Amino acid sequence: QVQLVESGGGLVQAGGSLRLSCAASGRTFSKPIMGWFRQAPGKEREFVAAISWTGGRTYYADSMKGRFTISRDNAQNTVYLQMNSLKPEDTAVYYCAATWKSYIPSNSLGYDYWGQGTQVTVSS
């Protein structure tokens, strides 16, 4: 079992920045791939970014490239999502997720464990 706890969400003005954190506990010794997803009201959950165990490989949704950065600190069992130049359309609940697949999924079905989410609201 893995427990994932997100933090760092909040209210920010357009153009601002936030850094989300996801603290993992449990099965972390077995090197999970970590991802971030988001879900806005009335919309499906969408892929934001993912990172390999070593951090050497990262993937982003096209709309987040250049604005968001995913990183991890394995010593702290924590994954981060630095979000810059935020837009009102970035408003959503942000979730982190973990998987042990041999590839890095960009679909939510590819992840096995999820956090409870943290709300990000960007005002115009």
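Remember, it's a predicted structure, so these values are computed and weren't measured experimentally.
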For the residue pair W114 and S108, what are the closest heavy atoms and their distance? CZ2-O, 3.4 Å
Main chain of L20, side chain of E6: is a donor-acceptor contact present, judged purely on distance under 3.5 Å? no
Whether K65 and D62 form a salt bridge (side-chain N of Lys/Arg under 4.0 Å from carboxylate O of Asp/Glu) is what I want to check. yes
Heavy-atom pair with the smallest gap, counting every atom of A50 and P105: CB-O, 4.3 Å
At what distance, to the nearest 0.5 angstrom, does OG of S85 lie from CZ of R67? 7.0 Å
Measure across Q116 and V5 and return the closest heavy-atom pair with its distance rounded to 0.1 Å. OE1-CA, 3.8 Å
For A49 and Y60, the nearest pair of non-hydrogen atoms, with its separation, is CB-CD2, 3.6 Å
Looking only at heavy atoms, the pair that brings G117 and V93 closest together is CA-CG1, 3.8 Å
Mind checking whether V48 and I51 sit in one hydrophobic cluster, side chains of I, L, V, M, F, W, Y counted as touching below 4.5 Å? yes
What's the separation between atom CD in E46 and atom OG in S106, rounded to the nearest 0.5 Å? 11.5 Å
Is there a path of hydrophobic side-chain contacts, each under 4.5 Å between heavy atoms of I/L/V/M/F/W/Y residues, joining V120 to W36? yes
Between G110 and K101 the two heavy atoms that sit nearest each other are O-NZ, 3.0 Å
Grouping I, L, V, M, F, W and Y whenever their side-chain heavy atoms are under 4.5 Å apart, do V79 and W100 come out in a common cluster? yes
Value for CD (E44) from CD (Q39), rounded to nearest 0.5 Å, stands at 8.5 Å
Would you say M64 ends up clustered with V12 if hydrophobic residues are merged whenever their side chains have heavy atoms under 4.5 Å apart, either directly or through other cluster members? yes
Aromatic ring proximity F47/Y59, centre distance under 6.0 Å: no
Give a yes or no answer on whether the side chain of N74 reaches the backbone of T54 with a donor-acceptor pair at less than 3.5 Å. no
Does one hydrophobic cluster hold both Y111 and F68, with members joined at side-chain heavy-atom distances below 4.5 Å? no
Keeping R72 on the side-chain end and S52 on the backbone end, is there a donor-acceptor pair under 3.5 Å? yes
Measuring from L81:CG to Y94:OH, what's the distance to the nearest 0.5 Å? 7.5 Å
Roughly how far, to the nearest 0.5 Å, is OG1 of T91 from CD of Q119? 7.0 Å
Rounded distance [0.5 Å steps], CD1 in I104 versus CD1 in I33: 5.0 Å
A cation-pi test, strictly: NZ or CZ of R19 under 6.0 Å from the centre of the six-membered ring of Y80 and no more than 45 degrees from its axis. Yes or no? yes
